[in-house]
Amino acid sequence: MTDASKPDAKSRYKQTVLLPQTEFPMKADLAQREPQRRKKWDEIKLYDAIRAARKGAKAWVLHDGPPYANGDAHTGHGLNKGLKDLVVKFRTMQGYDCPYVPGWDCHGLPIEHKVLEDLGGTKPPTMTALELRKRCLEYSTGFIAKQREQFKAVGVLGRWDNPYLTTSPTYEANVLGVFSELHKRGYITRAKRPVHWSWGAQSALAEAELEYEDRTDPSVYVRFPLSSCGKDCKFREVVEQLPESDEIWKNGALLIWTTTPWTLPANVAVAAAEKAEYVLVSYARGDKREYIVLAGDLMKRVADKAKLQDVKVLATFAGADLKGVGYSHPFLETACPLVFADYVTLEDGTGLVHTAPGHGKEDFATGKKEKLPVVCPVNEEGKFFTGETLKKELQLPPHFEDSRGWLKMLEGQHVLKANKLIIEKLKAEGWLLHSEDIRHSYPHCWRTHTPVIFRVTEQWFVQIDHVDNDKTLNPAGKSLRARLLETVGQCRWFPGWGANRISSMIENRPDWCISRQRYWGIPIPAYRVKETGEVLCNESTNARVTELVLKHGSDIWYDDVNWPVEKLLPPDIAAKYQGKTVTKMADIFDVWFEAGSSFKAVMGADPELATRRYSEGDFKSHSAMYLEGDDQHRGWFQVSLILSVATTGKSPFRDCLTTAFVVDEKGEKGSKSKGNMWPLDQGCRDLGADLIRYYFATIDTSSPVPVTYKLIQNAGEGYRKIRNTFRALVGNLFDFDPAHHRVLPQNLLPLDRWVLSRAGALVADFTAAMERYEFHVAMRELTQFCNVTLSAQYIDVIKDRLYCEAATSNSRRSAQTACWLLADLMTRLLAPVCVHTADEMYDFKPKAPDSPASVHLRPWPKVSDGVFVRDEALDQSFALAFAAKAEIDRVLDRLRKEGKAGKGYDTIVTLGANAEIAPRLHEFGLPRLTELCNVSGVALEAAGDHSALQGYEPADTLKGLWLKVVPSAETACVRCYRRTGDVGKHKHAARHAELCLRCAEVVGDRA
RNA sequence: GCGCCGGUAGCUCAGUUGGUUAGAGCACACGCCUGAUAAGCGUGAGGUCGGCGGUUCGAGUCCGCCCCGGCGCACCA
């Protein structure tokens, strides 16, 4: 290399080369810089500034679903808050007025549970409910303070100094307001019904509070002895015709099957399927012959399981023929009927279903239809009642003696323990035909993880099929369920299947049991008149309690000293019941009822939000968007819809965006108990909030979101690429002042116009993906743009212009103008995702004098704003040029590996092209093609049959193109490295013999 | 059991109404550059598009069946 022997020449001109300069650090150093930046935001009151800047703009409110004020923030919160902030920032930049008011869900069992645990498991008898509630409030307040800082560390901007809390009197009063409204409209009922009961939590549970877990239960086949049959009973006739009829009446039984033996004491009937075929079977057990009735299809299976000997089918008949059959309860000896039910199937069991209306939903329905007694001998702890109470609850006749000791055995026993005892005694007495263990999934309490039981209790319900006769809200006179489904159809669901999911849930859901038997919550404002048992709950009492709670908080319900019942009642009602004992009832609201009321308690009651409801054409909703984990389809989304549609006729939201769960590297659901969810604040310190946010924005969150340090660190590659690409752009703007140097669009060079056209395509695609909330698609576009369009295609080519052309030349200013616009574009597109980094980038970018203090105050880029102008023709001509470049690169690479070439500037290229391509290349211009390919020259061979030309090879993918790449024989310019052929052969040769003409003119007398 | 979603390169994902040789990033290999330098550029390898069958001139794309994964509903007695 002759050039290398002239180091002095090189250093002579080095200072005239305009190399990039920037303070923007390559290393992100997020852990250190992010807190500093947030501090700066606090100082300039960025959130308030954004609010002020959007004053009067169209409102677009994302209503925050309140996280539970319990425990430290984890990755799941990070995903949730990160995406919420992303959407809010995006909509804000689009020009909407988007206040973000975070909130917390503060009541509820988990907190009460934790507080009780700290007190030794149960409430000390000396402790008042008021004191307990005080501790719960302290507990939740503590975690709100912690979580607030943890959420802020993710970079979430919002009204953190004034969030909403479900424990605030305003909130509580609004929950009561929703209840009053429902009550007034006839949705509320208090009824005795079977409910899911958690004996662990000692409370009724809603569907949303159940989790299915596997457990092992006994599966038992029990003989229920036949007793008297009705006069017209066909079965009776069947038996009478058999020779062994006497034996059958004596030793015959209905064979039932159950997996919950503890419900047998509550048995009041056996249900059969009218249309199924049943058989009367005889078999030998020990030295005894017995007879049973069961479904024909199941006989073989049961006989095999129970290892019955000498099985004989004596008769076959239809289920309907069993009408009128009676049996005697095997240990309570009560006379019970056989009934029919359509849910009886022949999949399992015996086709004869043990029916206990006190312990099953379907049983309860059957009981209602058949007017059966409802027996529920189990208390709130899941234990059988004791003594006389047990006898009473079992509804046994007064003369019942318990001579066989069943009641003695059962009393006070927990139902799970009772299972074993009952099985043993049934076996001992000969009623048990067979028992085995089965494994099945069974509903469990989501908090205590104890199996749930069905208990019939008196509870408060919201009736889902109620028809509101208010013509303004419900002109078509539809049921609430129908109106909910209709509303679902009017909202936008992301992903789209959310609509189907919640629709099917609404279609199938039962009435909503809203009462809970706990302390930590908002009381259901109902009274009971002791003498008459009358329940007092009406418009007047509701209004009174609501008003007092608004002033003093819900503690008044528990403050017997300062707030005796007389004071809580409206004066006229208090007067009316003078002399009677009126008591406050002890139920509180399901926490879901509280959270579900936020459309009113927050969106409707907060002064800042109440004026910012969403509307679009005919559609009106309380907020623009709800964004939560997809488990909220059966949680917050659903309860919000129910309460909002029932009381206002409007949807709580327009858009409903859901994310899947956060999982660990093994794909297992993250949970605190498993310890596979790391604390969010730790993650922000170790990885950086922006990197975590970047990661969340880059992956498809509609399927389970794996979150590990390794994956997020891996995402750092993409983050760094964006950072470095920006750094390259901004590094070339050290002497660029947009106010003075910006080149007008019509004066931009074609390559610069081309890259802005590509940027226009990016803006369109990126924005469209953001509008669909497909952030990962948007981010992929950006990554692609940085990697391919900018880094490989654009920046690499404009270096010569930026470094070597005259500082103030149009060609250099043109490139700088593009770089400046691109850098600006990047800060804006990245702003919703990497909130700190984008703002940092913004700081290092040359700005117009009137620029705002933060990128978060800037508007979202638009294709229509005249900067990023799409130019299809330009795109196409460059597509051809880049295709040619790819061919040259391929050949060049081969030559390099053969040791025949080094850098591109040391080679020249000759192309042969057919009649279709040649004119297009000519039109593109060979000097520009030379520039584009980073070689020292491109020539176009005019000859016809290029394949015949020696040394040419056909292009690989571009048909009609041949090429020849050879080392240049020219001398390289020591300043720009190009071998232009004019080095030293120009009028400045005396002074700059080692420079090309261009460089010599640029340098002039500066070196 | 019923339903929904997904299965494309080692990993994360694109693949428009069916239409050239299925793409991108990361990772990997090999080079180049040393003027984006704890950077940058180029080239390459890597895919029976879950499997089988069908419709079609043509299927990653449409239809049917099956396998695998995730989720929801129901699992009731």
Side-chain angles (χ1 to χ4, degrees), chain A residues 10 14 17-22 24 26-27 212 219 256-260 263 267 270-271 341 343-345 347-356 359-363 366 440-443 454 495-497 500-502 504-505 507-508 630-631 633-634 660-661 663 667 669 695 698-700 702-704 706 711 714-718 720-721 723-732 776-777 779-781 783-784 786-788 791-793 795-797 799-800 802-804 885-886 888-899 901-906 934 956-957 959 975-977:
Chain A
K10 209 175 154 183
K14 180 95 177 177
V17 180
L18 301 164
L19 295 179
Q21 298 169 28
T22 178
F24 182 74
M26 186 179 279
K27 192 166 182 297
Y212 282 82
S219 153
I256 64 96
W257 174 74
T258 183
T259 54
T260 51
T263 61
N267 173 277
V270 164
Y343 55 82
V344 176
T345 66
E347 279 160 32
D348 286 301
T350 63
L352 291 173
V353 175
H354 148 60
T355 300
H359 293 303
K361 205 183 288 181
E362 289 176 320
D363 300 34
T366 303
H440 60 165
S441 72
Y442 190 85
F454 265 101
W497 47 257
N500 298 334
R501 175 124 149 223
I502 197 160
S504 74
M505 284 176 174
E507 276 164 23
N508 299 318
D630 61 18
D631 56 330
H633 283 116
R634 75 166 180 176
F661 263 105
V663 296
K669 201 159 114 182
Y695 175 71
T698 344
I699 58 171
D700 181 359
S702 67
S703 24
L711 285 167
N714 212 0
E717 293 294 338
R720 274 192 289 278
K721 182 68 191 186
R723 202 179 164 91
N724 283 330
T725 305
F726 174 82
R727 189 167 182 270
L729 293 173
V730 85
N732 287 304
H776 69 288
V777 174
M779 289 307 283
R780 200 189 42 244
E781 297 290 342
T783 305
Q784 213 110 306
C786 285
N787 273 293
V788 181
S791 195
Q793 295 187 313
I795 298 177
D796 216 41
V797 170
K799 284 175 183 172
D800 179 73
L802 289 166
Y803 300 170
C804 301
K885 182 184 184 181
I888 293 168
D889 280 337
R890 194 173 43 76
V891 176
L892 204 48
D893 187 65
R894 198 187 61 227
L895 294 179
R896 280 190 192 118
K897 284 181 178 152
E898 288 167 1
K903 55 186 165 186
Y905 280 154
D906 295 335
N934 283 328
D956 192 28
T957 55
K959 279 202 180 105
R975 182 167 176 272
C976 71
Y977 304 154

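To find a chain, count down the sequence lines: A is the first, B the second, and so on, and within it residues start at 1. If you're wondering where the values come from, they're calculated on a predicted model, not measured in any experiment.
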Practice task
Return no unless some side-chain N or O of His359(A) is found under 4.0 Å from OP1 or OP2 of A77(B).
Solution key: no

With rounding to the closest Å, how many angstrom separate the [atom1] atoms on [N] and [M]?
| N | M | atom1 | answer |
| --- | --- | --- | --- |
| G50(B) | G60(B) | P | 10 Å |
| A9(B) | G47(B) | C1' | 5 Å |
| G53(B) | G70(B) | C1' | 27 Å |
| C26(B) | U21(B) | C1' | 25 Å |
| U55(B) | C65(B) | C1' | 15 Å |
| G46(B) | C4(B) | C1' | 34 Å |
| G10(B) | A45(B) | C1' | 12 Å |
| U56(B) | U17(B) | C1' | 16 Å |

Classify [X] by what it touches in the nucleic acid, base, sugar-phosphate, or nothing, heavy-atom distance under 4.0 Å.
| X | answer |
| --- | --- |
| Thr259(A) | sugar-phosphate |
| His776(A) | sugar-phosphate |
| Arg975(A) | base |
| Asp363(A) | nothing |
| Arg894(A) | nothing |

What's the separation between atom [atom1] in [X] and atom [atom2] in [Y], rounded to the nearest 0.5 Å?
| X | Y | atom1 | atom2 | answer |
| --- | --- | --- | --- | --- |
| Ile795(A) | Leu729(A) | CD1 | CG | 4.0 Å |
| Lys903(A) | Asn934(A) | NZ | CG | 11.5 Å |
| Gln784(A) | Lys721(A) | CD | NZ | 12.0 Å |
| Lys361(A) | Thr366(A) | NZ | OG1 | 13.0 Å |
| Arg720(A) | Thr725(A) | CZ | OG1 | 12.5 Å |
| Asp906(A) | Tyr977(A) | CG | OH | 11.0 Å |

Can you tell me how far [atom2] of [N] sits from [atom1] of [X], to the nearest Å?
| X | N | atom1 | atom2 | answer |
| --- | --- | --- | --- | --- |
| His633(A) | C4(B) | NE2 | C1' | 12 Å |
| Asn508(A) | A74(B) | CG | P | 7 Å |
| Glu362(A) | C76(B) | CD | C1' | 5 Å |
| Tyr442(A) | A77(B) | OH | P | 7 Å |
| Glu507(A) | G3(B) | CD | C1' | 12 Å |
| Leu19(A) | U34(B) | CG | C1' | 12 Å |
| Asp700(A) | G15(B) | CG | P | 11 Å |
| Arg501(A) | G70(B) | CZ | C1' | 11 Å |

Problem - Carboxylate-amine/guanidinium proximity below 4.0 Å for Arg634(A) and Asp631(A) - result: no

Handout entry: RNA chain B: 5'-proximal contact among Gly349(A) and Gly902(A) (nearest heavy atom)
Key = Gly902(A)

Completion exercise
Contacts of Thr957(A) and Thr698(A) projected onto RNA chain B by closest heavy atom; the upstream (5') one is Thr698(A)

Handout entry: Nucleotide of G35(B), A24(B), A77(B) approaching Tyr803(A) most closely (side-chain heavy atoms)
Key = G35(B)

Exercise for the section: Between C26(B), G25(B), A77(B), spot the one nearest the side chain of Asn714(A), thanks. Expected result: C26(B)

Handout entry: pi-stack flag for Tyr977(A) and G35(B), centroid dist under 5.5 Å, interplanar under 30°
Key = yes

Problem - Heavy-atom side-chain contact between Asn732(A) and Tyr803(A) under 4.5 Å - result: yes

Handout entry: Those residues that, when tested against Thr260(A), pass side-chain hydrogen bond (donor to acceptor under 3.5 Å, both in side chains) (two or more places apart)
Key = Thr258(A), Thr263(A)

Completion exercise
With both pairing distances under 3.5 angstrom for Watson-Crick or G-U wobble, and | for a partner in another strand, the correct string for RNA chain B is (((((((..((((.....[...)))).(((((.......))))).....(((((..]....))))))))))))....

Practice task
Let me see the working for Val891(A) and Arg894(A) under side-chain contact (heavy atoms from CB on, under 4.5 Å), right down to the final yes or no.
Solution key: CA-CA 5 Å; Val891(A) 176; Arg894(A) 198 187 61 227; 4.0 Å; yes

Problem - Nucleotide-resolved protein contact map, nucleotides 38-44 of chain B, B/S/- at heavy-atom distance under 4.0 Å - result: SSSSBBS

Practice task
Fit a plane to each ring of Trp497(A) and His633(A), take the angle between them on a 0 to 90° scale, and name the class: parallel (under 30°), tilted (30 to 60°) or perpendicular (over 60°).
Solution key: tilted

